[in-house]
Amino acid sequence: MAIHLTKESKILVQGMTGGEGMKHTRRMLAAGTNVVGGVNPRKAGRTVDFHDRPVPVFGSVAEGMDATGADVTVVFVPPAFTKAAVTEAADAGIGLAVVITEGVPVHDSVAFLDRARKRGTRVIGPNCPGLISPGQSGAGIIPADITRPGRIGLVSKSGTLTYQLMYELRDIGFSTCVGIGGDPVVGTTHIDCLTAFQDDPETDLIVLIGEIGGDAEERAAAYIRDQVTKPVVGYIAGFTAPEGRTMGHAGAIVSGSSGTARAKQQALEAAGVRVGRTPTETARHVLAVLDSGA
């Protein structure tokens, strides 16, 4: 079992014929992902060969869905065209849109996320690495060869830290790893993933990676306290970040004591979450919880 993405998922790639789209489609296919088509109106009707695997190109998401039964799209288009791409996917009725694009204007994100919500399309991102259910499928840019299937669920704002924790805990493995993105406005939150992992019978423990800025982790802590019965281990990036300065992601800004790593750590620990100060310490907390059977 996994959340949001399984071996049954059929994936379209919007922007597949571009440089990034080609590179990561090749990697997704090599990992066993069922990529059933690309979308590019200017190249509709063509076929792209990936290691002798022909992938058709469709003129629209709706056309690709009709032809293949696709239920997931991965968006590799420039920021200026992301709003139109996600809106098109939502209007076509796709179930999941994974938006990798970085630098999407916030007002565009607000608009397409509202449209997707009204159409019943879950969006992961923007500015995210995507998600992977090891041994089943991967949608985005998360490497498939750094971990294995297991019973840990991972939700993270940071792509790099997603990879590091996957590697640190590779001997145990993961049900699904979700990189939700670090922009101020994203389609899928920590709480959304906590809910899904709580309901997934094959996820035994949840790892939550946050970072400075905003209050998403504090809200997640309150949700964990009230709704999550599975053990949760956390890590907050930015303990040494200077005050009042944007760090990395657009949403990672600290003002006074609000949004600091320490404040987030305190909120999570008050909810019963063990919080590491480094990824390696976080991995040790995971091992300790699993060993204790808590």
Side-chain angles (χ1 to χ4, degrees), residues 1-14 24-37 50 53 55 68-76 89 94-100 121-126 128-181 186-209 228 230-233 283 286 290:
M1 189 117 177
I3 69 166
H4 305 321
L5 191 74
T6 72
K7 62 183 178 181
E8 307 300 330
S9 300
K10 297 180 179 180
I11 296 176
L12 295 173
V13 181
Q14 290 174 265
H24 290 294
T25 298
R26 188 174 293 110
R27 293 177 67 180
M28 285 189 283
L29 286 166
T33 300
N34 187 17
V35 178
V36 296
F50 294 94
R53 165 76 181 269
V55 177
T68 67
D71 52 4
V72 179
T73 183
V74 185
V75 180
F76 286 104
I94 200 120
L96 176 66
V98 182
V99 187
I100 308 301
T121 296
R122 173 174 295 282
V123 175
I124 295 177
C128 79
L131 73 163
I132 185 169
S133 298
Q136 297 193 56
S137 185
I141 64 175
I142 299 176
D145 57 354
I146 57 175
T147 196
R148 68 180 182 87
R151 302 183 70 89
I152 300 172
L154 173 63
V155 54
S156 174
K157 278 186 177 179
S158 166
T160 302
L161 292 172
T162 298
Y163 314 151
Q164 184 165 355
L165 262 297
M166 287 172 62
Y167 182 76
E168 294 261 6
L169 295 166
R170 62 194 180 279
D171 291 337
I172 301 172
F174 294 82
S175 54
T176 303
C177 304
V178 187
I180 61 175
V186 294
T188 295
T189 66
H190 285 117
I191 291 174
D192 293 328
C193 291
L194 288 166
T195 303
F197 283 132
Q198 172 69 19
D199 293 339
D200 177 22
E202 296 190 6
T203 296
D204 294 336
L205 179 147
I206 305 165
V207 176
L208 181 151
I209 300 176
V228 179
K230 295 179 180 181
V232 181
V233 174
V286 172
L290 291 174

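Every value quoted in this text rests on a predicted model; they were computed, and no experiment measured them.
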Please table the atom pairs, donor to acceptor, closer than 3.5 Å between any side-chain atom in residues 191-198 and protein atoms at least two apart or in another chain.
from   : atom 1 : to     : atom 2 : distance (Å)
Asp192 : OD2    : Thr189 : N      : 3.0
Asp192 : OD2    : Thr189 : OG1    : 3.2
Thr195 : OG1    : Ile191 : O      : 2.9
Thr195 : OG1    : Tyr223 : OH     : 2.7
Gln198 : OE1    : Thr229 : N      : 3.1
Gln198 : OE1    : Lys230 : N      : 3.4
Gln198 : NE2    : Thr229 : OG1    : 2.8

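- Qualifying ring pair (Phe, Tyr, Trp, His ring centres under 6.0 Å) partners for Phe76, counting only residues two or more places apart in sequence or in other chains: His24.
- Contact check for His190 versus Lys157: side-chain heavy atoms found under the 4.5 Å cut-off.
- Using a 4.5 Å cut-off on side-chain heavy atoms (C-beta onward), Leu290 and Ile172 make contact.
- How far SG of Cys177 is from CG of Leu165: 9.0 Å, rounded to the nearest 0.5 Å.
- Within the structure, side-chain hydrogen bond (donor to acceptor under 3.5 Å, both in side chains) pairs that include any residue of residues 142-151 comprise Arg151-Asp204 (at least two apart or interchain).
- Residues Thr68 and Lys10 come closest through the heavy atom pair O-CD, 3.4 Å.
- Side-chain contact between Ile209 and Val155 is absent, with no heavy atoms from C-beta onward closer than 4.5 Å.
- The heavy-atom pair separating Val36 from Ala70 by the smallest distance is CG2-CB, 3.9 Å.
- For Val186 against Gly181, the heavy-atom pair with the smallest separation is CG1-O, 3.9 Å.
- When side chains are defined from C-beta on, Asp71 does not count as touching Leu96, because their heavy atoms never get closer than 4.5 Å.
- With sequence neighbours left out, the side-chain contact (heavy atoms from CB on, under 4.5 Å) criterion links Cys128 to Val98, Ile100, Ile124.
- The backbone N or O of Leu205 sits nowhere less than 3.5 Å from a side-chain atom of Thr203 that would complete a donor-acceptor pair.
- The shortest non-hydrogen separation linking Pro134 to Ser175 is CD-O, 3.6 Å.
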Check: Should Val286 and Val207 be marked as a side chain to side chain contact (heavy atoms under 4.5 Å, CB included) after you check the CA-CA gap, both sets of side-chain angles, and the distance that decides it?
Finding: CA-CA 8 Å; Val286 172; Val207 176; 3.7 Å; yes
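- Side chains of Ile152 and Leu169 form a contact here, defined as non-hydrogen atoms less than 4.5 Å apart.
- A heavy-atom distance below 4.5 Å is not found between the side chains of Leu154 and Thr176.
- Under the side-chain contact (heavy atoms from CB on, under 4.5 Å) criterion, Val35 pairs with Val13, Thr25, Met28, Leu29, Thr33, Val55, not counting sequence neighbours.
- Closest of all the heavy-atom pairs between Met166 and Pro143 is CE-O, 3.9 Å.
- Thr6 contributes no side-chain N or O that, together with a main-chain N or O of Ala2, makes up a donor-acceptor pair within less than 3.5 Å.
- Thr188 meets the side-chain hydrogen bond (donor to acceptor under 3.5 Å, both in side chains) test with Arg122; sequence neighbours excluded.
- Contacts of Ser137 classified as side-chain hydrogen bond (donor to acceptor under 3.5 Å, both in side chains), with partners at least two apart in sequence or in another chain: none.
- Residue pairs that meet the salt bridge (Lys or Arg N to Asp or Glu O under 4.0 Å) test with at least one member in residues 164-176, sequence neighbours left out, do not exist here.
- Using a 4.5 Å cut-off on side-chain heavy atoms (C-beta onward), Ile206 and Val228 make contact.
- Residues Tyr163 and Pro129 form a side-chain contact, since some pair of their non-hydrogen atoms from C-beta on lies under 4.5 Å apart.
- Applying the side-chain contact (heavy atoms from CB on, under 4.5 Å) rule to Ala97 yields the partners Thr73, Thr121, Val123; only residues at least two apart in sequence or on another chain are considered.
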